[in-house]
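What follows is one structure encoded as structure tokens, with my remarks underneath.
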Amino acid sequence: MRVRFWGTRGSIATPGPGTNHFGGNTSCVGVTTASGDLLVLDCGTGAHPLATQLMARGGKPINANILLGHTHWDHIQGFPFFSPAFVKGNSAAIYGPEGSSTSLRDVLAGQMEFTYFPVELSQLPAAITYHELTEGIHAIGGARVAAQFLNHPAMTLGYRIEADGVAVVYLVDHEPFSDALWRAGAEQGRIESILHEGDRRHAKFMAGADLVIHDAQYTPEEYPQKKTWGHSTYEYVVRIAAAAGVRRVALTHHDPGHNDHFVADIERKARILALQCGKELDVFCAYEGCELDLEPHSASKPFVTAAPFQASVAQRRFRILVVDDHPDTLAMIVRALDGDYYTIAEATSGQEALRMIGENLPDLLVLDYKMIGMDGLAVMKALRARPDTRQLPVLMLTAMTDEPSTRAAFEAGVTDYVTKPFSIPQLTARVRACLARAQFL
Ligand SMILES: [Zn+2]
Ligand SMILES: [Zn+2]
């Protein structure tokens with residue numbers, strides 16, 4: 001399997017002398033399998049040089065499988081310049097997460113409306129198909145592709161591609177689920193010791209991979225000011241990849257404010273940290289033009305995560321019960337979730353919530369932690385003791401960011417744990433992910 005980086009920049013294309021080495025084009029990675037199948041990961045401005053190379057080959061029709069993590073600009077802006085789509089006989093199968101308010105096709109058509117671009121999507125001569133994915137395992141371009149939701153203020157999928165005996169995992173536009181990575185008192189550096197269920201799932205998804213391509217936009221010093229923006233630090237990536245037994249990590253989605261000198265310094269620090277982790281983890285900062293040939297190795301691990309289901313969350317209207325004893329917070333959450341997808345009910349205390357659940361079982365409970373009278377943990381205890389609510393998905397929403405509170409919540413059986421400050425798109429994406437997973441129960 002051959003992997004080539006065509007765009008390594010996050011947010012906005014950043015050409016110029018300061019970014020010559022690591023590159024200025026936004027996210028795009030080409031994966032070519034031994035049988036010649038092409039998978040394109042994201043379609044930022046890096047898709048333009050990729051397209052130029054594909055067209056220069058001539059000969060056979062081009063069949064591209066384009067996997068979009070999500071549809072923020074830096075991941076789709078190269079698509080209108082993907083020249084194979086302008087040639088009859090070529091094909092492009094486009095994949096992206098479902099659950100956004102607009103269909104994948106309409107989002108791509110939107111950026112090609114006449115106001116912005118001279119050719120409309122419907123005028124492209126190539127055969128283009130659209131596939132909205134949820135979590136699970138899919139067969140794409142001869143590869144086995146697992147998809148799993150990331151933590152970003154938009155529905156965003158990470159992809160694990162397995163073909164030719166190797167695994168490449170693409171996790172771009174993601175931030176840690178929790179401030180603390182490890183459970184207090186547990187041995188650090190092991191998947192089982194990870195505190196937050198979301199981070200643990202993230203680690204399992206990349207376990208044993210030959211190459212992980214991961215967002216590392218910010219330094220640990222910058223991150224506190226950029227929290228909830230949906231990006232990681234090299235420190236998080238190195239620690240989690242080392243715990244997951246990953247062989248090699250490419251840090252990418254470089255910040256537009258970081259020049260080559262700055263990114264090289266991130267690489268140096270990431271390598272020192274990888275050494276300190278004591279695992280044989282090779283880490284580097286991805287640069288445009290970087291090409292890797294991945295060979296199978298004997299210790300290749302079998303696939304470990306993602307249920308082989310493709311249940312859709314777009315088909316029905318879900319019922320959500322929101323419980324918070326602060327009227328302002330309650331109103332804010334209800335406003336955030338209010339839309340076509342959900343029927344929302346409200347409760348202002350734990351007792352009221354349990355009574356309402358007894359009368360009408362919701363699809364998801366959004367539960368405050370600290371409440372006067374019966375708190376969130378007591379509600380969890382009551383729910384998990386009853387057979388009809390044992391599996392009810394619960395998203396705990398709280399200002400309690402500390403390790404003991406987080407641990408207590410997961411021990412009490414919450415499905416997800418979201419801390420303040422959070423952004424509304426981040427909350428809606430996490431709610432959506434909870435509901436998508438609940439289909440599998
Ligand atoms: Zn991005
Ligand atoms: Zn994004």
Side-chain angles (χ1 to χ4, degrees), residues 3 5-14 22-29 41-46 67-76 96-97 147-161 168-178 181 196 198-199 201-203 205-206 209 211-242 244 246 248-258 262-263 266-267 269-270 273-274 281 283-288 290 423 425-426 429-430 433:
V3 177
F5 291 87
W6 294 95
T8 59
R9 192 64 49 177
S11 309
I12 188 167
T14 316
F22 289 101
N25 278 305
T26 53
S27 300
C28 184
V29 176
L41 293 160
D42 278 333
C43 236
T45 62
L67 283 74
L68 303 174
H70 65 314
T71 54
H72 282 161
W73 266 346
D74 50 326
H75 301 258
I76 61 166
Q148 184 165 285
F149 290 118
L150 302 177
N151 188 26
H152 194 62
M155 294 312 293
T156 305
L157 284 173
Y159 296 107
R160 178 176 175 122
I161 300 170
V168 174
V169 189
Y170 185 77
L171 305 166
V172 177
D173 285 34
H174 169 82
E175 80 176 288
F177 284 90
S178 172
L181 185 55
H196 195 292
D199 289 319
R201 191 187 310 110
H202 193 65
F205 192 67
M206 67 175 90
L211 174 67
V212 168
I213 301 165
H214 204 296
D215 182 322
Q217 181 154 351
Y218 305 129
T219 63
E221 295 74 31
E222 290 168 327
Y223 179 65
Q225 280 78 49
K226 315 274 184 175
K227 232 179 146 188
T228 77
W229 292 21
H231 301 290
S232 296
T233 67
Y234 69 82
E235 194 182 329
Y236 170 77
V237 180
V238 168
R239 289 195 195 285
I240 206 162
V246 168
R248 197 188 265 179
V249 171
L251 304 173
T252 192
H253 208 272
H254 307 312
D255 190 87
H258 295 171
F262 198 99
V263 178
I266 287 176
E267 185 174 73
K269 288 174 177 160
L273 181 61
L281 174 66
V283 55
F284 67 100
C285 285
Y287 57 94
E288 248 176 65
C290 169
S423 68
Q426 182 193 18
R430 297 277 281 271

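All residue numbers in this chain count up from 1 along the given sequence.
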Problem set entry | Spacing of CG belonging to L41 relative to CD1 belonging to I161, to within rounding of 0.5 Å | 4.5 Å
Problem set entry | Separation between CZ of R248 and CD1 of I213, rounded to the nearest 0.5 Å | 11.0 Å
Exercise. How about Y223 and E175: does a side-chain donor come under 3.5 Å of a side-chain acceptor?
Worked result: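 Distance-only check passes for Y223 and E175.
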Problem set entry | Given I266, V249, T8, the one that forms side-chain contact (heavy atoms from CB on, under 4.5 Å) with C285 | I266
Can you see which heavy atom on [X] is nearest to which on [Y], and at what distance?
X    : Y    : result
T228 : P153 : O-CG, 3.8 Å
I76  : H70  : CG2-O, 4.2 Å
V212 : A209 : CG2-CB, 3.9 Å
A274 : L281 : CB-O, 3.8 Å

For this session: Kindly determine whether D255 and Q217 satisfy side-chain hydrogen bond (donor to acceptor under 3.5 Å, both in side chains), including the steps that lead there.
Result: CA-CA 5 Å; D255 190 87; Q217 181 154 351; 2.9 Å; yes
Exercise. Angle class for the F177/H196 ring planes (parallel below 30°, perpendicular above 60°, tilted otherwise)?
Worked result: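 If you compare the ring of F177 with that of H196, the planes turn out parallel.
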Exercise. Can you tell me if E288 uses its side chain to pair, donor with acceptor, with the backbone of G24 under 3.5 Å?
Worked result: yes
Exercise. Okay, side chain of S11, backbone of R9: is any donor-acceptor separation there less than 3.5 Å?
Worked result: no
Problem set entry | Pairwise side-chain contact, Y218 with Q225, heavy-atom cut-off 4.5 Å (strictly under) |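 Result no, sub-4.5 Å side-chain heavy-atom pair not found.
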Exercise. Among H72, H253, H174, whose ring pair (Phe, Tyr, Trp, His ring centres under 6.0 Å) with H152 holds?
Worked result: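 Option passing the ring pair (Phe, Tyr, Trp, His ring centres under 6.0 Å) with H152: H72.
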